[in-house]
Amino acid sequence: MYDIGSVWKDWKIIRLIGEGSFGKVYEIERNRFGIEEHSAMKVVKIPNSTAEIQSLKSEGMDSGSLKEYYMGLVEDFSQEIALMVKLKSNPGIVECEDYSVIEHKDDFGWDIIIRMELLTPLSKVLAARELTEGEVIDLGISLCDALSVCHQNKIIHRDIKIDNIFVTDTGFYKLGDFGVARTIDKTAAGLSKKGTYTYMAPEVYKGEEYGSRADIYSLGMVMYRLLNHNREPFLPMPPVNVKYSDKNNALIRRMSGERFNPPSNAGGALAGVIMKACEYSANDRYFNAAEFKQAILRVKSNPGYSEEVTQTAASGYPGSPAQYSGGNAVNNPPVQPCVQIPGVQPYNEAQVNNSNPNPWNTGGAYGPYKDNYNYMGQYGNIQNNRESKTGNSTAAIILGWIGIVLEVLGIVVTKANQWVKPQAILIVIITAMLVTAAMMVIFTFGKKPKALWIVMIISSVLSLSIVNIIASFMFYGDVYSNQNRR
């Protein structure tokens with residue numbers, strides 16, 4: 001057991017609750033003034049073992065190089081502390097209550113100790129049973145809130161997986177373990193791969209530049225597995241056992257962009273949402289976590305809802321099913337908490353209705369975030385995205401009218417001033433056409449509905465045609481008049 005008394009005297013270790021390649025997690029408690037408190041303590045030892053040091057020395061590292069190498073690891077793990085403290089008190093993220101970095105006095109190394117709220121790992125719940133569709137919906141909503149906060153702070157988690165999701169005693173889901181998270185401005189081409197291959201976005205796996213949509217993909221894959229008997233795409237379904245070769249082949253097929261079927265236990269509406277989050281191309285996924293959450297909320301409030309993505313999936317994009325429809329959604333009973341343990345309360349449906357769609361939009365400690373989580377779509381990045389597209393269409397219309405005005409102005413000037421050569425009309429007409437063409441390009445790339453920009457093209461062509469006809473009559477009228485005067 002770790003000597004916790006040398007760090008936090010009031011606390012004592014109760015039991016070991018988990019361990020990984022870099023450290024261990026303990027349940028700890030303290031009793032002050034008759035009040036008993038419980039927390040989780042994560043202990044990370046750097047270096048992890050003497051064998052690890054010997055291995056590095058055999059590669060030619062001296063004492064100075066070793067210290068520099070391990071100091072880099074200390075800084076990396078300190079990132080987890082800094083990020084968790086920065087995001088403290090956000091409801092969808094595991095709360096960091098205290099921390100300490102201790103350098104060994106008698107030998108080479110450091111201990112990084114983090115005290116966090118004590119939660120139930122989702123993996124422990126799944127060991128007993130599978131989640132229902134309603135519970136997966138709640139999980140998606142909670143983690144979308146967590147990712148929205150992360151992305152607003154320019155943080156990409158990069159390791160969203162079942163092992164890093166935790167559950168409160170009231171059945172609420174939280175995202176933890178920011179050990180491999182990095183800020184977006186450090187995430188560019190050439191950045192080393194981090195995360196777990198099972199949930200990793202293709203662009204991360206291939207070493208390409210990536211952004212916050214990589215987290216959207218990972219969360220989509222988590223939801224996919226939870227509704228697919230804990231099996232990733234291309235793996236055989238139970239009771240068939242999964243072999244190593246199956247896992248390897250499944251990864252290769254998924255990273256090559258091969259289409260895969262929707263999760264077996266998801267209704268059509270939710271399956272469509274998940275498949276959009278798991279699109280092979282980042283540009284085909286949800287724009288951000290807030291948009292992802294909005295789609296999940298629509299399914300929660302109306303299980304028969306058919307997400308637009310179901311049509312996209314049916315068209316056969318890589319990473320989507322070849323044939324798929326959202327019309328077979330199952331009308332599930334009201335969502336219940338995810339963990340059936342004493343003290344669990346039902347999920348509050350009022351949290352997702354139109355009057356209060358955001359369970360954290362209650363003012364108080366979470367007040368600053370309420371404007372960023374509006375079910376009707378008036379939230380940060382999505383709203384900005386919509387405004388930019390609106391701006392594009394407005395600019396296109398303005399350019400189009402400028403073209404027409406220039407043409408009319410050229411005709412008027414040519415008619416009113418005999419010293420202006422008639423060829424000026426042709427120049428103005430060409431200029432107006434170029435401006436109108438620019439308008440069409442902007443309007444097209446603004447990703448507006450095809451019908452709308454087709455109408456714009458037709459109306460613009462008709463307008464220019466009418467003006468050109470008028471210009472032609474006026475031009476030939478001038479020529480005819482000049483001939484008669486001669």
Side-chain angles (χ1 to χ4, degrees), residues 87 90-94 121-123 125-126 131 133-153 155-167 172-178 180-182 184 187 194-205 210-228 230-233 254 260 262-263 265-266 269-300 307 309 319-320 338 373 379 381-382:
L87 304 176
N90 287 288
I93 297 173
V94 176
L122 177 59
S123 56
V125 178
L126 296 176
L131 299 189
E133 180 176 304
E135 291 169 335
V136 175
I137 285 175
D138 285 346
L139 179 145
I141 293 170
S142 299
L143 266 63
C144 279
D145 279 336
L147 288 182
S148 289
V149 174
C150 290
H151 297 164
Q152 286 167 12
N153 285 276
I155 295 169
I156 306 177
H157 188 280
R158 297 202 296 165
D159 198 21
I160 298 172
K161 58 184 179 181
I162 290 174
D163 291 340
N164 288 339
I165 300 173
F166 302 86
V167 191
F172 186 77
Y173 302 89
K174 292 197 173 192
L175 179 62
D177 198 346
F178 287 75
V180 299
R182 296 292 182 272
I184 289 177
T187 307
K194 296 289 183 180
T196 305
Y197 286 161
T198 300
Y199 310 92
M200 186 178 289
E203 61 270 25
V204 181
Y205 180 83
Y210 60 90
S212 59
R213 291 189 186 183
D215 282 346
I216 300 295
Y217 182 94
S218 296
L219 176 54
M221 287 303 302
V222 166
M223 297 175 69
Y224 186 102
R225 287 192 61 168
L226 292 175
L227 292 172
N228 199 51
N230 201 28
R231 300 282 173 95
E232 60 197 88
R254 183 162 57 89
F260 53 84
N265 292 337
L270 182 58
V273 171
I274 292 173
M275 296 304 289
K276 182 175 176 68
C278 296
E279 283 283 359
Y280 183 77
S281 170
N283 291 331
D284 292 332
R285 299 172 205 151
Y286 293 103
F287 181 75
N288 61 17
E291 187 180 27
F292 190 8
K293 174 188 173 182
Q294 187 185 37
I296 299 173
L297 283 170
R298 285 196 291 267
V299 175
K300 183 178 178 68
E307 177 74 353
V309 66
S320 303
C338 83
Y373 297 91
Y379 38 70
N381 292 337
I382 286 297

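What you see below is based on every heavy atom in this structure, not just the backbone, and it leaves out hydrogens, waters and symmetry mates. Note that the coordinates shown come from a computational prediction; the quantities given were computed from them, not determined experimentally.
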Give the minimum heavy-atom separation between Ile274 and Gly220, together with the two atoms involved.
-> CG2-O, 3.5 Å

State, yes or no, whether a side-chain contact exists between Val136 and Asn265 at a heavy-atom distance under 4.5 Å.
-> no

May I ask you to decide if Gly176's main-chain N or O and His157's side chain share a donor-acceptor pair within less than 3.5 Å?
-> yes

Distance col, row Asn90:CG vs Ser148:OG, nearest 0.5 angstrom, shows 10.5 Å

Check step by step if side-chain contact (heavy atoms from CB on, under 4.5 Å) holds for Ile155 and Val149.
-> CA-CA 9 Å; Ile155 295 169; Val149 174; over 6 Å; no

Return the set of residues passing side chain to side chain donor-acceptor pair (under 3.5 Å) with Asp163 (not counting sequence neighbours), or none when no residue passes.
-> none

Residue list, side chain to side chain donor-acceptor pair (under 3.5 Å) with Arg254, at least two apart or on another chain = Tyr217

Roughly how far, to the nearest 0.5 Å, is the CG atom of Asp215 from the SG atom of Cys144?
-> 10.5 Å

Answer yes or no: is there a side-chain heavy-atom contact under 4.5 Å between Ile160 and Met221?
-> no

Taking the side chain from Asn288 and the backbone from Ala290, do they hold a donor-acceptor pair closer than 3.5 Å?
-> yes

Taking side chain to side chain donor-acceptor pair (under 3.5 Å) as the test, write out the residues that go with Arg225, two or more places apart.
-> Tyr199, Asn230

Report the residues that fulfil ring pair (Phe, Tyr, Trp, His ring centres under 6.0 Å) with Tyr224, sequence neighbours left out, ordered by chain and then residue number.
-> Phe260

Rounded to the nearest 0.5 Å, how far does CD1 of Ile137 lie from CE of Met223?
-> 7.0 Å

What one should report as the nearest heavy-atom pair of Leu227 and Pro263 is O-CB, 3.6 Å

Donor-acceptor contact below 3.5 Å, side chain Arg158 vs main chain Ser212 | no

Taking all non-hydrogen atoms of both residues, which atom of Ala289 and which atom of Leu147 are closest, and how far apart?
-> CB-CB, 3.8 Å

For Ala295 against Tyr286, the heavy-atom pair lying closest together = CB-OH, 3.5 Å

CD1 on Ile93 to NZ on Lys174, rounded to 0.5 Å | 9.0 Å

Flag the pair Leu131 / Leu122 as yes when at least one side-chain heavy-atom distance between them is below 4.5 Å, and no otherwise.
-> yes

Phe172 and Pro91: which non-hydrogen atoms are nearest, and at how many Å?
-> CE2-O, 3.2 Å

Test item: Leu226 and Glu135 side chains (from C-beta on) under 4.5 Å apart, heavy atoms = no

Scanning both residues in full, the closest heavy-atom pair of Ala282 with Glu203 reads CB-OE2, 3.7 Å

Can you measure from CG (Asp159) to CE (Met200) and round to the nearest 0.5 angstrom?
-> 8.0 Å

Backbone N/O of Gly140 and side chain of Lys293: donor-acceptor pair under 3.5 Å = no

Taken to the nearest 0.5 Å, the spacing of Asp138 CG from Ile296 CD1 works out to 10.0 Å

Side chain to side chain, Val273 and Lys276, heavy atoms closer than 4.5 Å | no

Counting only N and O atoms by type, is there a donor-acceptor contact under 3.5 Å from the side chain of Asn153 to the main-chain atoms of Leu87?
-> no

Taking the side chain from His151 and the backbone from Gly211, do they hold a donor-acceptor pair closer than 3.5 Å?
-> no

